[in-house]
Amino acid sequence: MNQDFEVDITDEQVVSFQENGFLSIDRVTTGTEIEWMRGLYDQLFDDRWGEKEGRYFDLGGQRAHTGKDVLPQILGPETRFPELRETTYFRNAVTITARLLDVESSTVSGGGHMILKPGGYGRETPWHQDEAYWNPHELPNRLSAWLPLDPATLESGCLQFIPKSHEGEVVDHRHVDNDPLVHTLVADHVDSLQAIVCPIPIGGAVFHHCRTLHSAGPNLTNQQRRAYILVLGPPGQRLEKPFERPWIEEEQKALANLDSLAASKS
Ligand code: NI
């Protein structure tokens with residue numbers, strides 16, 4: 001792999017991220033590395049790696065459903081392939097994160113997930129803030145680096161952002177279809193007319209703050225759209241009084257019921 005490719009971003013880019021809550025970068029890694037990552041990526045999804053441990057599941061459907069997966073996700077692919085932490089992408093993403101969050105790069109850590117949007121039937125990702133999914137006992141200072149392994153266009157479901165939305169609180173979210181067994185959350189009342197669409201060429205990535213409202217359309221092309229996302233930042237701040245996120249409790253309850261149902265059948 002080419003380990004020589006280092007990205008430097010400008011002060012203007014840092015300011016733009018801090019003002020708007022997202023920043024797209026034309027190039028964070030090489031074509032050779034993307035090609036290599038595609039091989040690992042396909043292997044993970046072909047194997048449905050980690051399904052039993054809850055690492056592979058469909059974001060777009062009910063947990064443990066039996067039909068076709070419309071938005072499959074893999075959590076923590078670096079556990080299976082630790083070399084993913086040694087990539088040009090990972091290294092550059094850490095450097096850029098430190099600049100954007102204005103912290104020392106030695107304090108930045110994190111890990112990845114992969115979201116596959118199948119061609120033709122890959123489901124949309126509705127408006128949400130990533131922090132809505134996270135531990136309500138912690139105030140995070142994190143961002144996501146979103147690297148597509150296929151061209152990300154409006155038609156294939158690239159990301160869209162609401163500028164400056166990271167300055168607000170985490171808004172109310174609910175589960176898609178109002179079903180707590182569907183992991184995907186949606187924030188209602190988002191003014192999508194404000195959205196900035198961010199198509200990304202191969203080798204590029206988009207960084208967004210954990211409070212930035214974002215969404216992605218369905219994949220209307222006949223090509224899959226693979227994305228490898230890193231969530232990075234310094235340690236969060238432990239809260240005395242947790243945030244109220246009832247949607248998280250609803251999901252935990254629904255999953256516990258599903259488990260006890262499965263246990264009673266076996
Ligand atoms: Ni997200």
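Counting begins at 1 with the first residue of the sequence. First listed ligand is number 1; within each ligand, the first listed atom is number 1.
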Note to self: I need the full list of salt bridge (Lys or Arg N to Asp or Glu O under 4.0 Å) pairs touching residues 179-204, with sequence neighbours left out, sorted by first then second residue.
What the structure shows: R174-D188
Check: By residue and atom, what protein N/O/S atoms are less than 2.8 Å from the Ni ion (ligand 1)?
Finding: H128 NE2, D130 OD1, H214 NE2
Tabulate below the donor-acceptor pairs under 3.5 Å that side-chain atoms of residues 136-146 make, not counting sequence neighbours, or state none.
from, atom 1, to, atom 2, distance (Å)
E138, OE1, R142, NH2, 2.5
S144, OG, D130, OD2, 3.2

Check: Mind checking whether Y89 and Y228 have parallel, tilted or perpendicular rings, split at 30° and 60°?
Finding: perpendicular
Next item on the list: Look at the aromatic rings of Y133 and H128 and report parallel, tilted or perpendicular, splitting at 30° and 60°.
Entry: perpendicular
Note to self: Regarding D47 and R80, does a basic nitrogen lie under 4.0 Å from an acidic carboxylate oxygen?
What the structure shows: no
Note to self: Strictly by salt bridge (Lys or Arg N to Asp or Glu O under 4.0 Å), give each pair with a member in residues 112-124 just once, sequence neighbours left out.
What the structure shows: R123-D177
